[in-house]
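Lettering follows sequence order; numbering is per chain, from 1. Side chains included, hydrogens not; waters and symmetry mates left out as well; all remaining heavy atoms used.
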Number of protein chains: 2
Amino acid sequence: MRGKQPTIWDIAIKLNVSISTVSRALRNAPDINPETKKAILDLAHQLDYQPNTVAASLRKNKTDIIGVMVPEFVHAYFPNVILGIQEVANAAGYKVMVMQSSESLDIEKHNLQAMVSSRVDGLILAITRETNDYDHIVAAQRKGLPIVFFNRIVDELQGSKVMVDDYTGAFTAVQHLIQTGCRRIAHLAGPENMTIGRNRLNGYLDALKAHQFPLDETLVMHCDFVEGRARKYTQLLLDRPDRPDALFAVNDPTAIEALICIQENGLSIPNDIALIGFSNAPHSTFVTPPLTSVVQPIHEIGQLAAQLLIRQITTPQQFTPEIRILDTTLVIRQSTRPLVG
Amino acid sequence: MRGKQPTIWDIAIKLNVSISTVSRALRNAPDINPETKKAILDLAHQLDYQPNTVAASLRKNKTDIIGVMVPEFVHAYFPNVILGIQEVANAAGYKVMVMQSSESLDIEKHNLQAMVSSRVDGLILAITRETNDYDHIVAAQRKGLPIVFFNRIVDELQGSKVMVDDYTGAFTAVQHLIQTGCRRIAHLAGPENMTIGRNRLNGYLDALKAHQFPLDETLVMHCDFVEGRARKYTQLLLDRPDRPDALFAVNDPTAIEALICIQENGLSIPNDIALIGFSNAPHSTFVTPPLTSVVQPIHEIGQLAAQLLIRQITTPQQFTPEIRILDTTLVIRQSTRPLVG
DNA sequence: ACTGTTTCCGGCAACGTTTCCGGTAACGTT
DNA sequence: AACGTTACCGGAAACGTTGCCGGAAACAGT
């Protein structure tokens, strides 16, 4: 930004008042004459004055910026929660600064540094799939940076967290597969160090157990959110003589990879293999057949995370970490068999 | 950010040097003794010192932040160009601040104000579909804010622009429909005030003309990027006695709406109706049938936009607006009929 | 011993705000 | 007439950097 921008100084001089008065007028403080205030506001408008927030931030020791870091945003999930975040953040007078770590721990560290250097007032964070030590995050927290976690939750970190009821969601999904006649159900799983992976796995396991299904550990494939792995592992499953007749995927992108693989093998969904995803990315409705999926309230996750963070920022003294668990619902489409009876 | 962070002052005192020296060490200036530099760097590391960039920005009159504003990022297009932007921006030492206008002119204005208030060094901008006056943008430019435009381009604005060869892309697409035997080709069009809409429309029209097709203006439906409209208009087309046998959509989200509508009417793609999209959002490969589409180099668009912007920021004196037009390629999948012969 | 040059460092003024601490004038109250 | 109160305003110090300018010391060349 090259061209000199007008400052409160310019306004003050032109109106023969002090900069204090101008400042008072601009952020409508009480101690000011309505007339002078109007004059200042008019001139400010006429000059198209835009306050220099970086100066204000320095002085106030507060940037009114909320940082958001997500592993990626080419799939629909994260953009949608960011939508929710922006909604409540903007309403509360905060700007939102989005960064993506591209599932890389190094970039995550680097971005985190940039965030604290930029003195964001708080951070909403979904860690990388490869984030396995948390020193950088703890260090930032110790510096006083409020962080709320979502989606990629990990027990080792403390702070507010918003998550969904992964266990029940998974349980219901697998139960539905069982009730529609599936007998060998495989799981394309997420990373086990995250609750998102562990809880969905446990829901899967417990649903099998509840229906007296034998446990076959070779049926859980750890795709761990890495692109392309679901496709490979699905192929492995299809090549087995005791091929499964259903797949429960840890999320929709994983499910869609599986779907493509299944169809490439000339198998039909759901007759040969039933398929359930998790997340309900919008385009899970576009694929053929439309994907049965465990829907989470994506938008609400973002809103809630922002609310918790803002509360922590504004009233830090009475802050205690809060863990919020939102409900999921199973949306049945055509990638699973119809319920008989 | 509550807890007091260490400053160069703390380092200076503890080491009995001046803050100037600390500053020199930190941004490795030449005039400094390697030993003192090492001592400072060590202590900085030990204290986990993170420079206060807002102070530095104020002093340097430069934030090293590039703003990006897009109408939305729940579809894959914009996230992907942002990826390209971040790549070159980060490599050049810039942070990226992303905002979305949600296709609302008011939000666009508001966000733009926030951007100039935050004193971003430059802006990469795709305007809203409802942006029809440009005063706010021109005002920002007059203040010295470098802006490069992409995707949503408009003749009334000047500045660097990166776009794709919409005309040729559209022409080739429609020509392909003709060559595969389609005889009544409709166009689900974009807004005509944007070159993206106008050029694709012209490509469509000229392709028809080049093959001596009669012009039927009732076959171009102005969907203008508004959600749901493509579906409605496709239904109108399908209800006509002289139903078209092909649709050329202004972009992929529009195409997918049309696809759903067609299938709901029990018609087959491409036999009853062939369909071509534009943009190649990744999930256009997931739908059934996979979408024939005009592919644009999305990633490259972002990279190029960032390069142009950074050049303008760093060497403003020798700046002249640059308009870059990237090539598209037609990727043929199964939503169009096979080429005979 | 003198100048000139190099190497390193400190002082200090900015950058544009906010905000505390007063101060003055006008007014009402005793 | 003296005082307290109110309403408004100005001065000035911060916030944490950067970067110019100058200065001291050390060293080289005459």
Between dT17(C) atom P and N61(A) atom CG, what is the distance in whole Å? 18 Å
Under 3.5 Å, which N/O atoms of the protein pair with N/O atoms of nucleotides 5-9 of chain C?
unit_1	atom_1	unit_2	atom_2	d
dC9(C)	OP1	T36(B)	OG1	3.4
dC9(C)	OP2	N33(B)	N	2.9
dC9(C)	OP2	T36(B)	OG1	3.1

By the 4.0 Å heavy-atom rule, please label T7(A) as base, sugar-phosphate, or nothing. sugar-phosphate
I19(B) CD1 to dG10(C) P: how many Å, rounded? 10 Å
If you count the non-hydrogen atoms of other residues, nucleotides and ligands that lie under 6.0 Å from NZ in K37(A), is the total more than 12? yes
Looking at E156(A), I'd like to know if its CD atom is crowded, meaning that more than 12 non-hydrogen atoms belonging to other residues, nucleotides or ligands lie closer than 6.0 Å. yes
With side chain to side chain contact (heavy atoms under 4.5 Å, CB included) as the test, pick out the partner of S160(B) among F319(B), F150(B), F149(B). F319(B)
One thing to verify: whether R152(A) and E103(A) come together as a salt bridge, which I'm taking to mean a side-chain N less than 4.0 angstrom from a carboxylate O. yes
Spacing of D64(A) atom CG relative to dT17(C) atom P, expressed in whole Å: 15 Å
Looking only at side-chain N and O atoms, does Y49(B) come under 4.0 Å of OP1 or OP2 in dG16(D)? no
Value in whole Å for how far the C1' atom of dA12(D) lies from CH2 of W9(A): 12 Å
Whole-Å distance, L15(B) CG to dG10(C) P, equals 10 Å
Length of the CD1-C1' vector between I8(A) and dA12(D), whole Å: 13 Å
Suppose we call a contact any N or O donor and acceptor under 3.5 Å apart; does that hold for the side chain of S20(A) and the base of dG11(D)? yes
Here the distance between atom C1' of dG16(C) and atom CG of N52(B), to the nearest Å, is 14 Å
What's the closest nucleotide to the side chain of L58(B) if the choices are dT17(C), dG19(D), dC15(C)? dC15(C)
Under 6.0 Å from the NE2 atom of H110(B), do we count more than 12 heavy atoms belonging to anything else shown? no
Return no unless some side-chain N or O of R27(B) is found under 4.0 Å from OP1 or OP2 of dG19(D). yes
Rounded distance (nearest 0.5 Å) linking atom CG of L112(B) with atom CG of L123(B): 6.5 Å
Can you work out whether Q50(A) or V22(B) has the more 5'-proximal nearest nucleotide on DNA chain C? V22(B)
